[in-house]
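Both backbone and side-chain heavy atoms feed into the values below; hydrogens, waters and symmetry mates do not.
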Amino acid sequence: MTLCPPLVAFAVETQKRFMCYLTVQNIGSVPAYEVEFEFSPEPLWGSGRQKPPALERGMKCLPPGQKYWFLYHTFFELLAKDSQWPSSLSIAVSYLHPQLAQRLREEFHIDLEDHRESTAVESDVYVVGEILEKHISQLTKEVHALNETMKSYSPVAGATGVDLSFATLQGLRRLLKGEEPVEPINPRHVGYRAFQEILGVDIEVATQLERHFWNSGNTDGIEKSSGMTDRAIESFNRYFRQMPPHEPSHANGVDGTD
C-alpha cells in the first residue's frame with residue numbers, strides 16, 4: 001500500500017441540467033502514463049455511438065490538470081423505469097505512476113440512482129459564460145450593422161479624416177455662421193448625382209443637365225429641359241450659380257472645386 005495520492009479521478013458530471021457526462025481527470029501534479037479503463041458492466045452508448053477511443057484503448061499520457069468529458073446519455077433516459085442502460089457502473093483505472101515507477105490501480109463505483117430527484121446547479125463560471133455568450137452575440141450583430149451603415153460614408157472618408165473640397169468647407173462655414181444663402185455652386189463642376197440630390201429630379205433629367213453644362217456652359221434654357229418642375233427650377237436658382245452665355249465653358253470635366 002502506498003501513501004502517494006492518486007493521480008486519476010473518474011466521475012459523473014452534469015451539464016445543461018440533464019446531460020450526463022463521464023469525466024476523466026488527472027488531479028495530481030505529475031503525468032499519468034499508460035492509463036487503462038475496465039468497466040463492469042460494459043456501458044451501452046446507444047444512438048449508434050461506439051465507446052470513445054480513449055476509454056477503449058486507453059491513454060498513453062494524461063497530463064496534470066487535463067480533463068476529458070465523454071457524453072454518455074441524458075438522465076431522462078438513464079433513470080427511466082424501462083431504461084436499457086445500467087444505472088450502476090464499476091470502473092477500474094490503472095496507470096503508471098512516474099514518481100513510484102510502478103503501476104497503480106484505482107476503482108470507482110458509480111450509481112446513477114444517486115442523482116434521482118437531485119438538482120444540478122451550474123457553477124458561477126458557467127453562468128457568467130452563458131451571459132457573456134449572449135451579450136457578445138448581440139454586440140457582434142450591432143457591430144455588423146454599424147459596419148454596414150459606415151459603408152455609405154466610405155466615398156468621403158480619407159486616410160486622415162473626411163475628404164471635403166475647399167468649396168464644401170466654405171459652405172459649411174457659412175452654414176455654421178447662420179449665413180444665407182449658401183455659396184452658389186458652379187453647375188459646370190458637378191455631375192449628375194449632385195443635380196439629382198439637390199434638385200430632387202430623376203436620373204434622366206440629372207443626366208440632361210450634366211450634358212447641358214458640359215456642352216454650353218450657361219444656364220439659359222434649363223427651364224425648358226424635360227422634367228424640370230417649378231420646384232426644381234426654384235431649387236436650381238437658389239443653390240446654383242447663374243452662368244452667363246458669354247462666360248467660356250471648361251472642357252476639363254468635373255473637378256469638384258470652385
Side-chain angles (χ1 to χ4, degrees), residues 15-17 122-258:
Q15 284 289 329
K16 303 288 186 181
R17 300 186 182 275
E122 306 292 1
S123 67
D124 292 340
V125 173
Y126 181 83
V127 173
V128 171
E130 290 279 293
I131 295 174
L132 286 176
E133 181 181 6
K134 177 182 177 181
H135 286 285
I136 289 174
S137 177
Q138 293 178 345
L139 180 61
T140 301
K141 293 179 181 178
E142 292 176 4
V143 170
H144 177 73
L146 178 61
N147 182 57
E148 291 298 315
T149 302
M150 292 303 295
K151 284 181 179 180
S152 61
Y153 295 96
S154 59
V156 297
T160 58
V162 179
D163 289 337
L164 299 176
S165 67
F166 179 70
T168 303
L169 293 174
Q170 284 184 317
L172 289 174
R173 178 178 63 82
R174 294 176 67 90
L175 284 174
L176 291 174
K177 293 174 66 175
E179 298 178 0
E180 280 287 339
V182 176
E183 183 71 22
I185 304 170
N186 190 328
R188 298 169 179 161
H189 297 164
V190 298
Y192 73 93
R193 294 182 185 277
F195 292 121
Q196 189 176 11
E197 179 179 350
I198 297 172
L199 303 181
V201 296
D202 58 32
I203 189 171
E204 183 177 352
V205 176
T207 304
Q208 290 178 6
L209 291 172
E210 180 185 46
R211 189 180 302 113
H212 171 83
F213 287 104
W214 178 271
N215 294 326
S216 67
N218 61 74
T219 54
D220 290 345
I222 64 166
E223 67 278 357
K224 299 178 181 179
S225 299
S226 177
M228 283 292 286
T229 63
D230 292 341
R231 183 174 181 180
I233 294 173
E234 181 183 352
S235 297
F236 184 90
N237 293 332
R238 179 181 183 185
Y239 295 112
F240 288 92
R241 182 184 303 174
Q242 299 300 313
M243 308 301 295
H246 64 273
E247 189 169 334
S249 173
H250 294 282
N252 59 347
V254 178
D255 59 17
T257 60
D258 201 350

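- Panel note: side chain S137, backbone E133; no donor-acceptor pair is recorded below 3.5 Å.
- Atom CG of L139 and atom CG of L146 lie 10.5 Å apart (nearest 0.5 Å).
- Once rounded to the nearest 0.5 Å, the distance linking OG1 of T207 with CZ of R211 reads 6.5 Å.
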Atom pairs and distances, donor-acceptor, side-chain atoms in residues 192-201, under 3.5 Å, two or more places apart:
none

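- Between atom CD of residue E234 and atom OH of residue Y239 there is a gap of 9.0 Å, rounded to the nearest 0.5 Å.
- Qualifying side chain to side chain contact (heavy atoms under 4.5 Å, CB included) partners for D230, counting only residues two or more places apart in sequence or in other chains: none.
- Residues E210 and G191 come closest through the heavy atom pair OE2-CA, 3.4 Å.
- Here CZ of F236 is found 10.0 Å from CD1 of I185. Values are rounded to the nearest 0.5 Å.
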